[in-house]
Amino acid sequence: MKLTINGEKLEATEGQTILEVAQENGIDIPNLCYSPELKPEGACRMCVVDIEGVADPVTACTTEVSAGMVVETETPSLKKMRKVLVELMLANHDVECLTCDKAGDCKLQDYAYRYSVKKVRFEGEKTEFKGIKDDNPFFIRDNRKCILCYKCVNLCKQVQGEASINLENRGFDTRVTTAFDLPLEEINCQFCGLCVNECPTGALMEKSALRKARNWELKKGSTICPYCGVGCELELNIDENDQIVKVTTNSDNVNRGQTCVKGKFGLDFVNSEERLTKPLIKEEGRFREASWEEALDKVADNFGRIRDEFGGDATAALSSAKCTNEENYLMQKFMRAVMGTNSVDHCARL
Amino acid sequence: MATNEENIPSYQDLDFYKSQRRLALANCGFIDPESIEDYIASDGYQALSKVLTEMKPQEVIDEVKESGLRGRGGGGFPTGMKWQFAYDASGDKKYIICNADEGDPGAFMDRGLLEGDPHSILEGMIIGGYAIGADEGYIYIRAEYPLAIKRLEKAITAAEEKGLLGEDIFGSGFNFKLQIKAGAGAFVCGEETGLMASIEGERGMPTPRPPFPANKGLWDKPSNINNVETFANIPIIIREGAASFKELGTEDSSGTKVFALTGMIENTGLAEVEMGTTMREIIFGIGGGIQDDKEFKAVQIGGPSGGCLPDEKLDLPIDYDSLIEAGAMMGSGGLVVMDENSCMVDVARFFLNFVQSESCGKCTPCREGTRRMLEILNRITQGEGEEEDLELLRTLAESVKKLSLCGLGKTAPNPVLSTLRYFEDEYEAHIKNDECPGGVCQNLLPGYIIDYEKCIGCTYCIDACPIDVVDGRLEEIHEINEEDCNACGACEPECPVDAIIQKNYIEHFPQYRHLLEEDEEEVEA
């Protein structure tokens, strides 16, 4: 079907929302609670747009397109309303952008800039919190910066299937927390970090990155997670000393923004000085550095000697889930065809 | 000597009942609500029998459509059309739900019906279930209505025993069962999607529409929700025919409406009148006018979602559309009447305080915006309002109204917008002159002083003062610490010699001149 957004004639398929069509066509409609992985929540109201013939603005994330629809996304009145929304969020937000580690990567900050919120007109009481929650080794929870977009709650329930966190209290006193306010380590949290990745503000932040660098100083590098054969794509955030300060993901990846605790929070070994970077050969109880050629020759010689002297069945192989399927296939092929044994196993067969 | 018959008027001759048109409430007070036989004896379940033995579902829907019945819960959506949507929705499992989560402050229409005539609701629901193709229904009722719940439970059991609920009702092959779900008291659960989330055991939070409940409602099945009073009207429409129902009321709002009349009015209670009756008839006819012969100031209609209407709107014939035009809404039918001693800013503050604490917390404008509006109103009623506050208030009200996710937020600013529209002078009096015309806002009331010429030092006022700001000893002249006095007035009636005077009287009455002069001398010194 055809529809018009901001004067542009666009093509869309039935069932798509206005926001999806706009994003596909490079039209940026502000949003805070939207994620392509979630059912539309319609909570933040930032994505309101005007539809010709409809009296009040509607949210683009929840409204499906229809043929001939004429949509405007940045009219003066919409800009004014979004400005009020940002002001309302900021009025109940711990505004410390000067020192906040989220600065530069914070959607609330971006929208405050976009709609020129210089001064918040609605200053008043803020929801009371007992400060920053530091109850696990991986990330902090700072409810004073939470704007209640509910992405974390919804991702945990709809994507991760854990529902570790939910809402407490009503209205102005609403906050995201665990059951009975228990520490995350005592409940079913898997520390997948999906909530931290998707948090639009500084309410959830990786501990490893705190006070390390401003977001715009970080270099980004794409890599594949070394931990297992799933092959999640990760984005490394590297500071000026070539240290990885945090690992992020985004939903364009093959893993659609998801990782497990290892990929998200377990890559700090890369920075370790004790990391093995060259082969070592043990002689008379001591290790010495060697070249790859020498090390591989030594392994090949000894494998051959064992096979010839004791037969292939004197050997066995255990391969790793960190390897890809192809690597695991090659391992068993090598054992059967070259070593002549069926004694192969894999660490995931538990 | 006059006989009793002459002295005790018939209830129909009482002002309160004379101009009422009791349709939905017809049985209330006349039958034993706990007896199904009583209900049947007053033509109860005749409509159900007619529907199940003579009518097809579509015929039932057409009849309701023709009657022009509109949702009595507030929105005023045509009931027949709503049923049609649910009927047309595909799915073999459908639900019909009765919204008895009556939460408006000062409203008790549904309670009156549920406690006075529970079977009429049941009958309406079973007919609705048959019409849309539902075999299961829920009554979502607030737990604060224990008597209504008890009577509903009893009614359901009695109907089941008589075969009016259960399998193969009237041998028609139609099965229907009913369950009661007691709500935990959240106002937002009166909103359709919030209500269904609550039945499902989820947090009572509204969800965006579409999908509409008619297509994807309770447990994602097509569902239809109507209000208690709407269901109570269904058996009447079927029994008496759509045409006779349509004769009542106005062209676009047929039938009657039950109002809960409260506030500073002579007669309070449930009043059922024809649509199109003027507010003046209800307040001054049925309600008997304002208590203590005071002046009428405003009527708050429609609960927290409604608005305040002034005297000049009293001749408006009440129907759904006229009220919306006037800046209020039918709501569920609460009518709170206010006299000259009410402060309209304080009234707006009261209702806003209610909605902001009942906001579910989901969408930004309602959660944050209503709190900021309340803060501004608090400021104004405490005498700390600034002129810019009115502009801010308007900006916020418009944004909350336009941007909120559900009906609660969309209508939450109505009490503020309507009082700003009709009583802006009161807001200005608070802000510019530090005055509360209604004499309600404590911080803006003139304090009291003691006339030293009259005071006999009896200490009665010292004892009466709840915040201990009167100084003095027995048989010495007492003095009120003017800065700390909060003008509560507790001391004034206690003084045996009328020596305590409100400060603003001083300049108007010559006998207090000496107090005034002293005041000025002090200033000069």
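In what follows, every heavy atom counts, from backbone to side chain, and hydrogens, waters and symmetry copies are set aside. Letters A, B, ... are given to chains in the order of the sequence lines, protein chains preceding strands, and every chain is numbered from 1.
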Part of [X] lying under 4.5 Å from any heavy atom of chain B:
X	value
A/Glu87	neither
A/Leu167	both
A/Glu64	neither
A/Ala91	both

Practice task
Quick one: which of B/Ile376, B/Val355, B/Leu396 has the most heavy-atom pairs under 4.5 Å with chain A, could you say?
Solution key: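 Heavy-atom pair counts peak at B/Leu396.
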
Problem - Winner by heavy-atom pair count (cut-off under 4.5 Å) against chain A, out of B/Pro210, B/Ser357, B/Cys366, B/Ser404 - result: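 Looking at each of B/Pro210, B/Ser357, B/Cys366, B/Ser404 in turn, B/Ser404 comes out on top.
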
Can you say whether [X] sits under 4.5 Å from chain A via the side chain, the backbone, both, or neither, judging by heavy atoms?
X	value
B/Ser399	side chain
B/Thr370	neither
B/Met373	neither

Heavy-atom pairs under 4.5 Å with chain B: which of [options] has the most?
options	result
A/Asn92, A/Val58, A/Asp56	A/Asn92
A/Gly124, A/Pro57, A/Pro40, A/Cys149	A/Gly124
A/Val84, A/Thr62, A/Leu148	A/Leu148

Handout entry: Whether B/Tyr138 and B/Tyr95 hold their rings parallel, tilted or perpendicular, with breakpoints at 30° and 60°
Key =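 Ring orientation of B/Tyr138 relative to B/Tyr95: tilted.
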
Expected output: side-chain [X] to main-chain [Y] donor-acceptor under 3.5 Å:
X	Y	answer
B/Arg367	A/Phe172	no
B/Gln356	B/Arg371	no
A/Lys133	A/Ile140	no
A/Asn154	A/Tyr150	yes

Problem - Residue pair B/Cys360 / A/Arg170, side-chain heavy-atom distance below 4.5 Å - result: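 The answer is no; the side chains never approach within 4.5 Å.
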
Handout entry: Lys NZ or Arg CZ of B/Arg142 over B/Tyr145 ring: under 6.0 Å, within 45°
Key =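 Yes, a cation-pi geometry.
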
Exercise for the section: Hey, could you give me the CD/NZ distance between A/Glu37 and A/Lys151, rounded to the nearest 0.5 Å? Expected result: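 A/Glu37 CD to A/Lys151 NZ: 10.5 Å, rounded to 0.5 Å.
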
